[in-house]
Amino acid sequence: MKLYNSLERNIVDFIPINDSEVSMYTCGPTVYDYAHIGNLRTYLFEDILRRSLEFLGYNVLHVMNITDVGHLSDDADDGEDKMLLSSRKKGMSVWDIASFYTEAFFKDCERLHIEKPHISCKATEHIDDMIALIKRIEKAGYTYEAGGNIYFDTSKMPGYGKLALLDRQNQISGVHIDIDSNKHNPRDFVLWFTKSKFENQAMQWDSPWGRGYPGWHIECSAMSMKYLGETFDIHCGGIDHLSVHHPNEIAQSEAATGKKWVNYWIHGEFLLMDQGKMSKSKGGFITLQSLIEDGYDPMDYRFLVLGAHYRSQLVFSTRSLDTARTSRQNLTAKIRSLLEEIGVNCGNELPYSQKSPDNPYIEQFKEDLRQDLNMPKALSRIWAVLKDPDLPSRERLSTAFEMDNVLGLGLKNECVAASELTPEQKTLIEKREEARSLKNWSESDRLRDELLSQGIVITDTPSGTKWTVKV
RNA sequence: GGCGCCGUACCCAAGUGGUAAGGGAGAGGUCUGCAAAACCUUUAUGCAGCGGUUCGAAUCCGCUCGGCGCCUCCA
């Protein structure tokens, strides 16, 4: 397996710490609002990575955090707390906001066939772990107190910012940087806040440094190490985390343990709108729900995402989603016609075996996955299989279903309805057959239109008249 | 201003120095009373432009033009 490791800025061989066991941590959502489809692209990418690893024979332990602690809208000690802002707007408590959007998030994931992490951990349930970790960092000498807050001193960390190539960047630029005057260095960040300027700050905890709440970055370090150990294989997230969040996570984790923390950093690129990136803070974002209300199937969006490599920016448009929908519908239609051909109806046992079919397509498919998750290419293999005239229908299907373990399009749920027609509709079809045999075309066309208005699509084939339910 | 990424047909998109996958859309055809579907065929002597390295470049190097992201909360 080859993967692009952001740490090395290169595609490298993936070698887990323990043979075929893979420990993987993915940065989860901050639950103060719905996820937008840009957020969801990242979770789709992580799902595909996990499924690919599993398909290639690895045992994956997947941990994801739920950020349900309020965070400041910027890294300085000012700005609005997003959770608080949201709770004020909706007239709910911060705790209710968190649980409401957590549920909404998992519902979206389910609709997109994103596998649930083995462990989903809430920040608010791990405050003790964070405090313990900050203590370790403090003991190791990487912190200072200023203005009531505990800061991480980045100047004490030799390789700080390696991931983001920060050493190559010109920090003092013309662009504004609101420097928190308590910081010794602009890149320093808060581990623990005690000075909240918000009234009625609902989320506060006691700590050795005073009553307050944790900094933004510490939760990922504390929880990932708790469940995956002090060094683990893979850490994923959106590309935006490459420059601030992840370097800070690395700095504090490695300061605490003195060892390398994560071996492979894998980042998903952004989904862009015509005008630029989609962002929570700028508003105007698209949710999965809104796509569904516009008549799309969540699988249309999954299909769209599968069509681009995870490290490429993907520009979203109605047109591209329409194309994905058409293409996916063609794919499922092909599946259904093969099922029909071998006489499998809804409810029947599918012609699927656990054993990998003995044809070259699966091996090619695996090779595509091994090449840094080349999903567009992997996806093209399914067309090749389904269209291969030399392969028996049954084998085409079982190969496609096998591939779908990674693609996650739910192809096994496709089936041909055995009988859903009302007696009246059956009569209409019979009447039409009669009219056709008498070459009474106007009558037969009228009956076809009538059935169509009831959602029944009639097609005449060489082997007789067939009907399908309009999608 | 600094850092990084990208420019492949009408659209999306893969491409690992050796002669351009796949999907949409379009065009022709087979079939058909018609329609739809299905199937077949077809659509880039060229990969932003210009130089260079090489027997050979979409792939490597340089420059130019254009797009995007980051440097500030962000998937």
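Each chain gets a letter, A, B and so on, in the order its sequence line appears, and its residues count up from 1. Worth saying up front: this structure is predicted, and the values here are computed from it rather than measured.
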Exercise. Any ion pair linking D372(A) and K2(A) (charged N to carboxylate O, less than 4.0 Å)?
Worked result: no
Problem set entry | Distance between C1' atoms of A25(B) and C60(B) (Å, rounded) | 35 Å
For this session: For nucleotides A27(B) and A35(B), find the distance between their P atoms and express it as a whole number of Å.
Result: 14 Å
Problem set entry | Whole-Å distance separating the OH atom of Y34(A) from the C1' atom of A75(B) | 19 Å
Exercise. How far does the P atom of G28(B) sit from the matching atom of G49(B), given to the nearest Å?
Worked result: 31 Å
Seminar exercise, completed: Across all chains, not counting sequence neighbours, the side chain to side chain contact (heavy atoms under 4.5 Å, CB included) partners of T326(A) are N330(A)
Exercise. With H62(A), which residues qualify under ring pair (Phe, Tyr, Trp, His ring centres under 6.0 Å), at least two apart?
Worked result: none
Exercise. Which residues satisfy the ring pair (Phe, Tyr, Trp, His ring centres under 6.0 Å) test with Y4(A), sequence neighbours excluded?
Worked result: none
Exercise. Separation of H309(A) atom NE2 from C6(B) atom P, in whole Å?
Worked result: 11 Å
Problem set entry | Atom CD of E103(A) with >12 non-hydrogen neighbours under 6.0 angstrom | no
Exercise. For M273(A) and G67(B), what is the distance between atoms CE and C1' respectively, to the nearest whole Å?
Worked result: 17 Å
For this session: Considering only atom P, compute the distance from C50(B) to C65(B) and round it to an integer number of Å.
Result: 15 Å
Exercise. Given R436(A) and D460(A), is the salt bridge (charged side-chain N to carboxylate O under 4.0 Å, His left out) satisfied, shown in steps?
Worked result: CA-CA 11 Å; R436(A) 287 190 74 221; D460(A) 299 318; 3.4 Å; yes
Exercise. When the distance from CG of D240(A) to C1' of G69(B) is rounded to whole Å, what number comes out?
Worked result: 10 Å
Problem set entry | Under 4.0 angstrom between S312(A) side-chain N/O and G7(B) OP1 or OP2 | no
Can you tabulate the close N/O pairs, meaning under 3.5 Å, that link protein atoms to atoms of nucleotides 20-27 of chain B?
residue	atom	partner	partner atom	Å
G23(B)	OP1	K387(A)	NZ	2.8
G23(B)	O2'	S327(A)	OG	2.4
G24(B)	OP1	N330(A)	ND2	2.5
G24(B)	O2'	T323(A)	OG1	3.4

Problem set entry | Which residues share a ring pair (Phe, Tyr, Trp, His ring centres under 6.0 Å) with H118(A), sequence neighbours left out | none
Problem set entry | From C70(B), A75(B), G69(B), nucleotide with atom closest to S243(A) side chain | C70(B)
Exercise. Stem ranges for RNA chain B, with three or more consecutive Watson-Crick or G-U pairs under 3.5 Å?
Worked result: B:1-7 with B:65-71, B:10-12 with B:22-24, B:25-30 with B:38-43, B:48-52 with B:60-64
Taking distance alone, no hydrogens or angles, what donor-acceptor pairs closer than 3.5 Å link side-chain atoms of residues 105-114 of chain A to residues at least two apart or in another chain?
residue	atom	partner	partner atom	Å
D108(A)	OD1	R111(A)	NH2	2.9
R111(A)	NH1	Q289(A)	OE1	2.9
R111(A)	NH2	Q289(A)	OE1	3.1
H113(A)	ND1	G408(A)	O	2.9

Seminar exercise, completed: Applying side chain to side chain contact (heavy atoms under 4.5 Å, CB included) to A222(A) and not counting sequence neighbours gives D129(A), M130(A), L133(A)
Please produce a list of atom pairs where a protein N or O lies less than 3.5 Å from an N or O of nucleotides 33-36 of chain B.
residue	atom	partner	partner atom	Å
G33(B)	N1	D445(A)	OD1	3.0
G33(B)	N2	D445(A)	OD2	2.9
C34(B)	O2	R448(A)	NH2	2.8
C34(B)	N3	R448(A)	NH1	3.0
C34(B)	N4	D460(A)	OD2	2.7
A35(B)	N6	D460(A)	O	3.0
A35(B)	N1	D460(A)	N	3.2
A35(B)	N3	R448(A)	NH1	3.1
A36(B)	N1	D460(A)	O	3.3

Seminar exercise, completed: S224(A) meets the side chain to side chain contact (heavy atoms under 4.5 Å, CB included) criterion, sequence neighbours left out, with Y25(A), F232(A), W261(A)
Problem set entry | Inter-nucleotide C1' distance (U30(B), A37(B)), Å rounded | 13 Å
Exercise. Mapping E46(A) and A308(A) to their closest nucleotides on RNA chain B, which lands nearer the 5' end?
Worked result: A308(A)
Exercise. How far, in whole Å, is G52(B) from A9(B) if one measures between their P atoms?
Worked result: 25 Å
For this session: Please identify each residue that fulfils ring pair (Phe, Tyr, Trp, His ring centres under 6.0 Å) with F45(A), with sequence neighbours left out.
Result: Y310(A)
For this session: Could you tell me whether D13(A) and R370(A) make a salt bridge, using a distance below 4.0 angstrom between a side-chain N and a carboxylate O?
Result: no
Problem set entry | Atom-pair distance (CG on L373(A); P on U16(B)), nearest Å | 16 Å
For this session: Would you kindly compare L314(A) and G237(A) by the position of their nearest RNA chain B nucleotide and give the one closer to the 5′ end?
Result: L314(A)
Problem set entry | C6(B) and G15(B), which share atom name P, separated by this distance in whole Å | 11 Å
Exercise. Quick one: which of G4(B), C71(B), A14(B) gets closest to the side chain of R9(A)?
Worked result: G4(B)
Problem set entry | Whole-Å gap separating C1' (C73(B)) and CZ (F270(A)) | 11 Å
Seminar exercise, completed: For Q454(A), the side chain to side chain contact (heavy atoms under 4.5 Å, CB included) test, sequence neighbours excluded, returns Q425(A), L428(A), E450(A)
For this session: Rounded to whole angstrom, note down the C1' distance from G7(B) over to U64(B).
Result: 14 Å
Exercise. What does H241(A) touch in the nucleic acid at a heavy-atom separation under 4.0 angstrom: a base, only the sugar-phosphate, or nothing?
Worked result: sugar-phosphate
For this session: In whole angstrom, give the distance that lies between atom OH of Y301(A) and atom P of C12(B).
Result: 17 Å
Exercise. What is the distance, rounded to the nearest whole Å, between atom CD of E269(A) and atom P of G69(B)?
Worked result: 10 Å
